[in-house]
A.B. asks: 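The structure that follows is given in the form of structure tokens.
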Protein chains: 2
Amino acid sequence: MALSREQVVATAVDLLRRYGLGDLSMRRLARELGVAPGALYWHVANKQELLVEVADVLLAEIPPVPTDRPAPEALAGLAVAIREALVQVPDAADVVGLAYAVEPGAARALRDLARLVHEAGATASERDDVAVLVVHHILGSVAAQQNRALAAHIDPELPAPDSTSEAKAFEVGLAVIVRGLGAAT
Amino acid sequence: MALSREQVVATAVDLLRRYGLGDLSMRRLARELGVAPGALYWHVANKQELLVEVADVLLAEIPPVPTDRPAPEALAGLAVAIREALVQVPDAADVVGLAYAVEPGAARALRDLARLVHEAGATASERDDVAVLVVHHILGSVAAQQNRALAAHIDPELPAPDSTSEAKAFEVGLAVIVRGLGAAT
DNA sequence: ACCTGAACACCGTTCAAGT
DNA sequence: ACCTGAACACCGTTCAAGT
């Protein structure tokens with residue numbers, strides 16, 4: 001049976017989850033699918049396009065935000081949920097960062113985030129800029145925790161990151177942003 | 001005359017400035033220096049160590065912050081200065097992000113930033129977390145602007161980023177953070 | 001001490017030719 | 001329509017051997 005674009009993307013996600021971006025090469029992916037490397041280029045224009053698709057899959061898995069809570073709470077909840085989903089996937093910050101640069105509004109989760117920023121008190125002119133700030137905070141926090149885990153793995157002298165306190169550090173920054181929104185001039 | 005570690009790092013910085021990270025390979029760097037690729041490994045353990053040195057050079061060039069202004073102003077001024085310096089250098093966000101993950105307190109500019117966050121009203125417990133937030137905001141903003149410039153270069157349909165409005169978007173996010181600091185609970 | 005030559009195990013991408 | 005085979009132009013890193 002012929003290969004499909006969906007199959008290529010799904011296997012790429014699987015490879016990323018299991019071994020990280022370093023092992024997500026076009027050649028490795030082709031081997032995993034039992035085809036020649038060139039075959040992939042029938043289904044996907046190039047590696048960058050593939051990675052954008054991979055990011056979309058990761059972001060699509062984030063549960064939609066409940067509609068009954070006040071906006072600042074819902075915003076914080078969604079940001080935490082996105083961070084939690086991404087921190088499980090090796091190099092997720094790099095992959096999503098690339099996708100976000102290419103097409104910022106592609107994923108529903110990120111559009112919801114922008115909307116909640118607005119409802120939490122950002123003026124119309126601030127809205128997009130603050131949404132970007134929150135996304136950067138999420139991706140930065142994910143990358144930082146994963147980098148510390150990697151460093152601890154290589155050098156056993158270093159302490160392994162405690163995911164609870166990493167999450168807490170993230171929420172401190174998030175709280176500052178939300179407070180800043182409320183205290184608009 | 002023998003090669004020196006400083007010479008290797010300086011040429012790496014030059015290559016990054018002129019052609020970006022894609023052309024900063026160990027082999028390309030060796031060619032530029034007129035030596036065999038293996039020669040570099042006498043002066044530098046591996047590519048990652050080299051990139052950390054490159055980041056340190058970039059950050060060392062940022063002018064120290066004047067001491068006479070109030071902390072929130074000085075903080076904003078320094079953040080803008082760091083962003084401005086890095087946005088000139090292709091892929092600077094990736095390089096500095098890597099270095100920051102490996103050794104967060106290495107560069108004077110970043111230590112100053114953490115100190116000013118404290119003086120601008122962060123409690124002792126918030127201090128480091130908010131400094132991290134500001135660094136992520138800077139690196140995210142730099143990466144975003146450079147990515148848009150790249151996208152516009154590839155696809156001439158897209159608008160080239162206007163550096164003034166990019167800077168303004170950055171300052172909006174920064175202002176939210178500073179306000180959030182002042183409005184501590 | 002410092003460097004070369006040569007190798008090892010890889011990359012992303014293209015494209016004529018096959019089915 | 002979909003894929004193979006083979007190539008092109010690269011990577012980072014190691015290490016015996018040379019000076």
Side-chain angles (χ1 to χ4, degrees), chain A residues 1-55 90-91 94-95 97-99 101-102 147 150-151 153-155, chain B residues 1-55 90-91 94-95 97-99 101-102 147 150-151 153-155:
Chain A
M1 195 191 63
L3 213 55
S4 71
R5 184 178 167 102
E6 288 69 39
Q7 209 181 142
V8 170
V9 172
T11 306
V13 171
D14 199 58
L15 232 34
L16 181 68
R17 284 207 138 90
R18 291 212 305 244
Y19 310 110
L21 204 49
D23 283 275
L24 175 42
S25 67
M26 297 302 270
R27 298 180 103 101
R28 178 73 201 280
L29 179 54
R31 217 191 312 144
E32 208 79 6
L33 288 162
V35 297
L40 300 178
Y41 290 86
W42 181 262
H43 300 278
V44 135
N46 50 44
K47 191 177 182 179
Q48 157 150 337
E49 186 186 293
L50 174 64
L51 290 179
V52 169
E53 293 280 290
V54 168
D91 303 309
D94 291 302
V95 177
L98 172 68
V102 173
N147 273 317
L150 187 69
H153 197 259
I154 290 167
D155 177 2
Chain B
M1 193 194 60
L3 213 55
S4 71
R5 183 177 168 101
E6 287 70 39
Q7 208 182 144
V8 170
V9 172
T11 306
V13 170
D14 199 58
L15 233 33
L16 180 70
R17 286 207 136 91
R18 293 211 304 241
Y19 310 109
L21 203 48
D23 283 275
L24 176 41
S25 68
M26 298 301 271
R27 298 179 104 102
R28 178 75 201 279
L29 180 54
R31 216 190 314 143
E32 209 79 4
L33 288 161
V35 297
L40 300 177
Y41 290 86
W42 181 262
H43 300 279
V44 136
N46 50 43
K47 191 177 181 177
Q48 158 149 340
E49 187 185 293
L50 174 64
L51 290 179
V52 169
E53 293 280 291
V54 167
D91 304 306
D94 292 300
V95 177
L98 171 70
V102 173
N147 273 316
L150 188 67
H153 198 259
I154 290 167
D155 176 2

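Letters A, B, ... are given to chains in the order of the sequence lines, protein chains preceding strands, and every chain is numbered from 1.
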A.B. asks: Convert the base pairs of DNA chain D into dot-bracket notation, remembering that pairs crossing earlier ones are written with [ ] and that bases paired across to another strand are shown as |; include only Watson-Crick or G-U pairs under 3.5 Å.
C.D. replies: ||.|||||...|||||.||
A.B. asks: Give, for atom CG of B:Leu29 and atom CG of B:Asp23, the distance between the pair rounded to the nearest 0.5 Å.
C.D. replies: 11.5 Å
A.B. asks: Which nucleotide wins on minimum distance to the side chain of B:Ala36, given the candidates C:dG12, D:dT4, C:dG5?
C.D. replies: C:dG5
A.B. asks: What distance separates A:Leu51 CG from A:Leu16 CG, expressed to the nearest 0.5 Å?
C.D. replies: 8.0 Å
A.B. asks: With B:Glu53, which of B:Val8, B:Val44, B:Val9 fulfils side chain to side chain contact (heavy atoms under 4.5 Å, CB included)?
C.D. replies: B:Val9
A.B. asks: Could you work out, with side-chain hydrogen bond (donor to acceptor under 3.5 Å, both in side chains) as the rule, every residue matching A:Glu49, not counting sequence neighbours?
C.D. replies: A:Arg5
A.B. asks: Can you sort out the partners of B:Arg17 under side chain to side chain contact (heavy atoms under 4.5 Å, CB included), two or more places apart, ordered by chain and number?
C.D. replies: B:Val13, B:Leu58, B:Glu61, B:Val89
A.B. asks: Please list, pair by pair, any protein nitrogen or oxygen found under 3.5 Å from a nitrogen or oxygen in nucleotides 13-19 of chain C.
C.D. replies:
from: C:dT13; atom 1: OP2; to: A:Tyr41; atom 2: OH; distance (Å): 2.7
from: C:dT13; atom 1: OP2; to: A:Lys47; atom 2: N; distance (Å): 3.0
from: C:dT13; atom 1: O5'; to: A:Tyr41; atom 2: OH; distance (Å): 3.3

A.B. asks: Apply side chain to side chain contact (heavy atoms under 4.5 Å, CB included) to B:Ala55 and list each qualifying residue two or more places apart in sequence or on a separate chain.
C.D. replies: B:Val95, B:Val96, B:Ala99
A.B. asks: Quantified in whole Å, what is the C1' atom distance between nucleotide D:dC2 and nucleotide C:dA17?
C.D. replies: 13 Å
A.B. asks: To the nearest angstrom, how far is A:Trp42 atom CH2 from D:dC3 atom C1'?
C.D. replies: 9 Å
A.B. asks: Looking at residues at least two apart in the chain, or sitting in another chain, which of them share a salt bridge (Lys or Arg N to Asp or Glu O under 4.0 Å) with A:Arg18?
C.D. replies: A:Asp14, A:Glu32
A.B. asks: Identify, with sequence neighbours excluded, every residue that meets side-chain hydrogen bond (donor to acceptor under 3.5 Å, both in side chains) alongside B:Glu6.
C.D. replies: none
A.B. asks: Say you pick atom C1' in D:dC8 and the same atom in C:dC11; how far apart are they, in whole Å?
C.D. replies: 12 Å
A.B. asks: On a whole-Å scale, what distance lies between the P atoms belonging to D:dA9 and C:dC10?
C.D. replies: 22 Å
A.B. asks: When you measure from every atom of DNA chain D, which of residues 13-20 of chain B have a heavy atom less than 4.0 Å away?
C.D. replies: none
A.B. asks: Can you tell me how far the CG atom of B:Leu33 sits from the CG atom of B:Leu15, to the nearest 0.5 Å?
C.D. replies: 8.5 Å
A.B. asks: According to the side chain to side chain donor-acceptor pair (under 3.5 Å) rule, which pairs have a member within residues 35-48 of chain A, sequence neighbours left out?
C.D. replies: none
A.B. asks: Toward the 5' end of DNA chain C, which comes first, B:His43 or A:Arg28, by nearest nucleotide?
C.D. replies: B:His43
